[in-house]
Amino acid sequence: MAIYDYRSIENKWQKKWEETQIYKFKEEDTENKLYCLEMFSYPSGANLHVGHWYNYGLTDSWARMKKMQGYNVFHPQGFDAFGLPAENYAIKTGIHPMDSTYKNIETMEKQLKSMGATFNWEYEVVTCNPDYYKWTQWIFIKLFENGLAYRKNAPVNWCSSCKTVLANEQVIDGSCERCKNPVTKRDLTQWFFRITEYAQELLDFLPEIDWPEKTKKIQNNWIGRSEGAEIEFSIDESHLSFKVFTTRPDTLYGVTYMVLAPENELVDKITSEAYKEEVEAYKEMAKKQSEIERMSTVREKTGVFTGAYAINPVNGEKVPVWIADYVLAGYGTGCVMAVPGHDERDYEFASKYNLPIKRVIKGEALQDDALPFTEYGVLVESMEFSGKTSAEAIRLIVEKLNQQKKGELKVNYRLRDWLVSRQRYWGAPIPIIHCEKCGVVPVPEKDLPVELPYDVEFTPDGESPLAKNEAFLYTVCPKCGGRAKRDPDTLDTFVCSSWYFLRYPDNKNEKEAFNREWINKMLPVDKYVGGAEHAAMHLLYARFFTKALRDMGYLDFDEPFLSLVHQGTILGPDGNRMSKSKGNTISPDDYINEYGSDIFRLYLAFGFAYTEGGPWNDDGIKAIAKFVNRVERIVEKYISEKEKKGKNKIESEEKELNFVRHTAIKGVTEDADKFQFNTSIARQMELVNALNKYDAVEEKNYRILEDTIKDLLLLMAPFAPHFTEEMWEQMGYEYSIFNQKWPEFDKNVLVKDSIEMVIQVNGKVRDKINAPADLSQNDAEKMALENERIIKLIQGKKLVKVIVVPNKLINIVVK
RNA sequence: GCCGAAGUGGUGGAAUUGGCAGACGCGCUGGACUCAAAAUCCAGUGUAGGCGACUACGUGCGGGUUCGAGUCCCGCCUUCGGCACCA
C-alpha cells in the first residue's frame, strides 16, 4: 500500500544528506552543543531488530528536533564489540571472534546508515579496536597506580560444566546462563576496582541528576547504605579479638552468642582442638554448596560451635563463638553478634541449637513474648542504659565503647568492589606483567596496547585462553628485564563501556585517551537513552569511572549523564518478549519493505507510550500509513491549486485553523521534548484534521493554508525525515527542511475571546455556557445563577456557596 | 520476605498535576461515492434505561478528605520489575 515511492526518496535524501554533510557537528561551536547519546550496541550477526529502531529511531527524532531548534547536536554511534557471544559462536563454528565481529560491524553500520539517522559517523568508537582498548588499558593502569585497582583472592562464580568463571550478570537464579548448571564458588586471585570507595558520592549525587526515579532507587538499593557501629569483642583466654558490624548497638546486652562466616580467616585461629574436625567438615560443606542452595532462605540454618568464647565489651559476659553460613563473608566484617531476642535469623538459629534467648528491648504495645521483637523500643536489663530509648541507647553505648576504644559509629554499604577479571579470550587484555622478582608490574604506557593475539585456542576448560598462547604469555619484566608472564585474563566488557562516551568527541586522539579541555566542553552527555536493565551495572560503573577520572585529574565534571531516558520494550504480538524460540519476532525489514522507514518510525512513535513499550500491532501501522497518505494529499492538492494563491479573506474558520495550528506547535514541541512521542503525533493528526476541514471552506486564504502546511511539515520532519524532506521540495522550498527554524507558537492565538465554561451543581456537570474570557468571579457567578436550567435545578434549595475556577467552571453548592 | 512501579472503554493509549474522564488512533455501526468491491469521505460509538431533550452509574476493590478525586490519605487485591539470610 505504498503511497509515495518511499524507496527512491529514501535513497535520494540519504544520499543528499551525506553529500551536503547536513548533520556535521561544528566543533568550533561548543557553546550550543548538545550531546545526545544512545547506549551503543553489541554487533550481533542478525539484522536490526525492533528494539534498535525504537531506541535509535526515536532518539534520532528527538535529536532532529533539537537541531531544528538551533542546537549543535553531537550524536555519535559505535559498537560495544567485545564479549562472550562472539566467543561462544567461535567455539561452536570455528569462526574467529575477530572475523565475525568485524563482519557484523560492517553489516550493522550499513543498516544503521539506512535508517536515515543523524549519526556523526566520523566520531565512531569500536571497543575491540586496539586504538580504543589501548586507552582502556591505560585507564586500568591509572586506577592501579592510584590504588583503585587491586588484586585479591576471592570466591567467584564458577560453572563446573562450562569450566569457566562467570560474571555476576551471567548467573541467573543461581544457574549458568548458557548451560543452566548450578553455579558454585571457587577461590581465585582476581582484579577488582575499588568502586566502594565512591559508594557515598554515588549516593549523594543521585538527587542532582535528571534520571527516572525508578532507576535512582535501584542504584540507591544496590549501594545499600546502612548506619550502625563496629564493636570489638575479644576472645577469651587469648590475645585475639575481632570486630562485628551491627545496626543495633542498643541490643548489645541481649547478645547470647557470636557467629563467624565459615570463610573467615579467624576461624582456624580460634577453633579449639576438640572442635577442629567438626569445623573443618562444616567449612568443606559450605564451600561445596551451590549458589541456589546458599541463596535459599527457606532452608534451615546450620552451624557448628568452635569451642571458643568471646567477651561482651559492655558487661564482660562470655558467649560461645559459632560458625554458620547464614553469615556472609563479604559484608561488614564477616562476623556478627547474635541477638536472638531481637533478630529473626538469630532467633531461628538459637531455637534450633538451644542457645539462650534474651530480651533487652520492650515495645510500647504488648508483644508476643515467644518471638523476636525487631522494632525499636525501650531498653531493659541493660545496666545503666535500662529505661533509655533505642535511639538514646545507640548513641550512649557507642560513646561508652568509644572511650574504651572498643567501638565506633560506622557506615556500611552493600555494594561490593567490582570484579573485572575474566578467563576469556574476546576482551581487552589486562595490562599487567607478573615477575617473580618484582611482583605485579604494570605495562609501561609506551608498550600499550597489549594486543590480543589472533592465534589462540579458546576451548572452555577453565584456563584463560591467553594462558595457552606462549608467545603472548611470556615476556620480559619492564623493571628488571627478567623473564616474566603476562596476566592471562581479559577485562570485563563493562570496563570498555564505562568510558566510551568520553572517547567519542576525541576518537582520533593518538596521544591520550581524551583531551581534558576538549571533553570538559563536550561533556557531560545531555541526553542518554537506553534500556533500564543497565540501572545497576553500566550506569553505575560509568558514574564511578567519571568520578575516578576526575579525582585523578583527567576531567572536571562529576556526572557523565545529566539526563537519562529508558525506552520501553516492544513485545511480540502475543504480548511476550520477542524470541526466536517463541516464534513471535517482528522483523522491521518486512514492514520497511512494505511501508518505508518513516512510517515504521512514526508507528513506533505513535503506538506506544515511549517508556512503557508494549505488544506489536499490525493495525496500528496501517493507520499511520493512512495518516501520511493524508498529508501527502494535502500537499498535492495545495500544489494543484497553486494558481489560486493570494486570496485573503479573514473568516472564523481561519481562526479555528490557526488555533489548532498553534496548539499543535506547542504540544508537539513540549511533548517530544519529554519523549512523549505518542501525544506529539496526536497533535500532528489534529492539525491534519483541521487542515482537511479548512479545505472545505469556499473562499480559502491560501497564504494561511500554505503557512499551516509548512508548519505541519516542519513539525512532522523529525519523525518522518525522508517524507517531509520530499514534500518540502515539492512545495518549492529550499533544501533542507532540517536547516529550517523549528516553529514557535503564538501565545495570542491560543487565547480565545470566548470560552466554554462548565456549570456544576454539587459537583455534577449540568450545563455548559459560552462566556467571555477572563470573566470576573462575580460575573461568572451571576451568569451561572441566571442560567435557566440551573434555576430549575436549584429551585427551592438553599444556596450554600459558589466556587468559580476562572475560565473553567462554576460549581454551585446547594442543600 | 523487602523495595519500587502500574491497574482507565472492545482495543493502543490521553488527561495543563485536585476542576467537563476517555484526547489522538484502532475496531465496530450507519451513511455517501461505486454495477460491486477496495480506497476515500461524512456521522455515531463508556455502560444501562428512554422515541427524545435526558437520567443513573462509571478510572482494580473497600473506606476517607474535599464544593469537586483517575489524581490526595488509610486499608486490601492483582500484575510486572529489582533485591534477596546485608546483621
Side-chain angles (χ1 to χ4, degrees), chain A residues 1 3 173-174 212-222 224-226 228 244-248 251 259 261 294-299 301 324-328 330-339 342-346 348-349 374 412-416 532-533 535-536 569 603 606-609 611-612 614-624 626-627 629-630 633 663 666-667 670-671 676 678-689 692-693 696 756-768 789 800-814:
Chain A
M1 200 192 61
I3 16 116
D173 291 328
E213 286 305 317
K214 186 177 74 180
T215 309
K216 293 197 207 178
K217 200 86 196 173
I218 290 173
Q219 290 211 349
N220 200 77
N221 294 344
W222 186 268
R225 178 190 160 102
S226 72
V244 300
F245 174 74
T246 177
T247 54
R248 296 296 301 271
T251 63
V259 196
R294 200 198 64 79
M295 275 164 45
S296 169
T297 45
V298 288
R299 184 179 61 122
K301 294 196 176 7
D325 64 0
Y326 80 88
V327 172
L328 305 175
Y331 184 75
T333 60
C335 326
V336 302
M337 56 180 227
V339 189
H342 303 287
D343 182 281
E344 279 180 38
R345 295 150 304 180
D346 299 341
E348 192 194 322
F349 192 81
T374 57
N412 248 322
Y413 302 90
R414 168 177 284 165
L415 182 70
R416 309 290 156 85
E533 67 274 15
T569 313
Y603 171 57
F606 180 66
F608 308 88
T611 55
E612 301 297 317
W616 176 266
N617 174 333
D618 260 7
D619 295 333
I621 196 159
K622 286 183 192 135
I624 288 293
K626 232 156 94 177
F627 164 63
N629 196 354
R630 269 187 206 133
R633 282 204 309 271
T663 306
K666 184 170 191 281
E670 291 174 358
D671 292 351
Q676 286 172 18
N678 52 349
T679 50
S680 198
I681 306 296
R683 298 291 91 77
Q684 294 170 35
M685 288 175 167
E686 282 167 359
L687 184 53
V688 168
N689 292 344
N692 275 329
K693 200 172 163 197
E756 190 181 63
M757 282 189 88
V758 170
I759 309 180
Q760 298 181 333
V761 176
N762 287 343
K764 284 190 177 163
V765 181
R766 294 304 177 184
D767 205 358
K768 293 168 186 182
R789 294 198 47 193
V800 181
K801 64 171 152 177
V802 179
I803 282 140
V804 178
V805 181
N807 291 335
K808 236 166 225 165
L809 65 78
I810 304 143
N811 188 13
I812 299 160
V813 187
V814 290

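First the proteins, then the strands, lettered A, B, ... as listed; each starts at 1.
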Can you say whether a donor on the side chain of Lys301(A) sits under 3.5 Å from an acceptor on the base of C85(B), or the other way round?
yes
Exercise for the section: Report yes if a side-chain nitrogen or oxygen of Arg414(A) is closer than 4.0 Å to either non-bridging phosphate oxygen (OP1 or OP2) of A87(B); otherwise report no. Expected result: no
Beyond-backbone contact of Ile810(A) with Val758(A), side-chain heavy atoms, under 4.5 angstrom
no
When rounded to whole Å, the CG to P distance for the pair Asp767(A) and A53(B) reads 14 Å
Distance, P atom - from G22(B) to A32(B), rounded to whole angstrom | 30 Å
Requested in this report: Evaluate the side-chain proximity of His342(A) to Thr374(A): yes if any heavy-atom separation is below 4.5 Å, no if none is.
Outcome: no
- prompt: Base, sugar-phosphate, or nothing for Glu756(A), non-hydrogen atoms under 4.0 angstrom?
  reply: base
Rounded to whole Å, the CD-P distance (Glu670(A) to U17(B)) equals 11 Å
Item to check | Verdict with reasoning, Glu213(A) to Ile218(A), per side chain to side chain contact (heavy atoms under 4.5 Å, CB included) | outcome: CA-CA 9 Å; Glu213(A) 286 305 317; Ile218(A) 290 173; over 6 Å; no
Under-3.5 Å N/O pairs linking protein and nucleotides 57-59 of chain B:
| residue | atom | partner | partner atom | Å |
| --- | --- | --- | --- | --- |
| C57(B) | OP2 | Lys764(A) | NZ | 3.2 |

Output field dot_bracket for RNA chain B (Watson-Crick or G-U, both distances under 3.5 Å, | for other-strand pairs) contains (((((((..(((......[....)))((((((.......))))))((((....))))..(((((..]....))))))))))))....
Which part of the nucleic acid, if any, lies within contact of Val813(A), taking any heavy atom under 4.0 Å across all strands shown: a base, the sugar-phosphate backbone alone, or nothing? sugar-phosphate
When rounded to whole Å, the CG to C1' distance for the pair Asp325(A) and A84(B) reads 15 Å
Taking C85(B), G19(B), C26(B) as options, the one with an atom nearest any side-chain atom of Ile803(A) is G19(B)
Would you call Lys666(A) and Glu670(A) a salt bridge, using N to O less than 4.0 angstrom?
-> yes
inquiry  = Say we look at C57(B) and A21(B): how far apart would their C1' atoms be, to the nearest angstrom?
reply    = 14 Å
- Task: Using the C1' atom as the reference point in each nucleotide, state the distance between G19(B) and A39(B) in Å, no decimals.
- Result: 43 Å
**Prompt:** Quantified in whole Å, what is the P atom distance between nucleotide G70(B) and nucleotide G52(B)?
**Reply:** 28 Å
Produce the list of close N/O pairs, under 3.5 Å, pairing protein atoms with atoms of nucleotides 21-24 of chain B; give distances to one decimal.
| residue | atom | partner | partner atom | Å |
| --- | --- | --- | --- | --- |
| A23(B) | O2' | Glu686(A) | OE2 | 3.1 |
| A23(B) | N3 | Arg683(A) | NH2 | 3.4 |

Within the 4.0 Å heavy-atom criterion, would you say Val802(A) contacts the bases, only the backbone, or no part of the nucleic acid?
nothing
Per nearest nucleotide of RNA chain B, the residue lying toward the 5' end, Val805(A) or Gln676(A), is Gln676(A)
| query | What integer number of Å spans the C1' atoms of U59(B) and U71(B)? | reply | 10 Å
Given the 90°-from-0 boundary between syn and anti, G31(B) should be labelled anti
Which is true for Gly607(A) with a 4.0 Å heavy-atom rule: it touches a base, it touches only sugar-phosphate, or it touches nothing?
sugar-phosphate
Review point. Can you find a heavy atom in the side chain of Phe608(A) that is under 4.5 Å from one in the side chain of Asn678(A)?
Key: no
note: Glu344(A), atom CD; G1(B), atom C1'; distance rounded to Å ~ 9 Å
**Q.** Separation between the P atoms of G4(B) and A69(B), rounded to whole Å
**A.** 28 Å
cation_pi(Lys301(A), Phe349(A)) dist<6.0 Å, angle<=45: no
message = For Thr679(A) and Asp671(A), which I'm curious about, is there any donor-acceptor pair between the side chains at under 3.5 Å?
response = yes
Closest non-hydrogen atoms of Glu686(A) and Arg683(A), given as atom of the first, atom of the second and distance, are OE1-NE, 2.9 Å
Review point. Within a strict 4.5 Å, meaning less than it, do heavy atoms of the Ile759(A) and Lys764(A) side chains meet?
Key: no
Ranking Asp671(A) and Gly332(A) by the position along RNA chain B of their nearest nucleotide, the one closer to 5' is Asp671(A)
Side-chain touch Ser226(A)/Phe245(A), heavy atoms, less than 4.5 angstrom: yes
Decide whether Tyr603(A) and Asp618(A) meet the rule of one side-chain donor and one side-chain acceptor closer than 3.5 Å. no
message: Using a distance-only criterion (donor-acceptor N/O pair, under 3.5 Å, no hydrogens), is the base of C26(B) paired with the side chain of Asp619(A)?
response: no
NA contact type, Arg789(A), heavy-atom cut-off 4.0 Å: base, sugar-phosphate, or nothing? sugar-phosphate
Is the base of C3(B) touched by the side chain of Lys217(A) through a donor-acceptor pair closer than 3.5 angstrom? no
Query raised in the report: When you check the phosphate oxygens OP1 and OP2 of C26(B), does a side-chain N or O of Lys626(A) lie under 4.0 Å from one of them?
Result: yes
Looking only at heavy atoms, the pair that brings Ala338(A) and Val259(A) closest together is CB-CG2, 4.2 Å
Using OP1 and OP2 only, check whether a side-chain N or O of Tyr331(A) sits under 4.0 Å from A87(B).
yes
Per the O4'-C1'-N9-C4 / O4'-C1'-N1-C2 angle with a 90° window around 0, U17(B) comes out syn
message = So Val814(A) and Val761(A), do their side chains get closer than 4.5 Å, heavy atoms only?
response = yes
Inter-nucleotide P distance (C61(B), C77(B)), Å rounded = 15 Å
Gap in Å between the two P atoms, one belonging to U8(B) and one to G31(B), rounded: 34 Å
Between the base of U16(B) and the side chain of Lys666(A), is one N or O donor paired with an acceptor at under 3.5 angstrom? no
Atom CD1 of Ile624(A) and atom P of G25(B) are separated, to the nearest Å, by 10 Å
Given side chains that start at C-beta, do those of Asn811(A) and Leu809(A) come closer than 4.5 Å, heavy atoms only? yes
Exercise. Taking the side chain as every heavy atom from C-beta outward, state whether Glu348(A) and Tyr326(A) have any pair of such atoms under 4.5 Å apart.
Key: no
Whole-Å distance, Ile218(A) CD1 to G81(B) C1', equals 7 Å
Arg248(A) CZ to C85(B) P, in whole Å, measures 20 Å
Between CG of Asp618(A) and C1' of U11(B) the distance, given in whole Å, is 15 Å
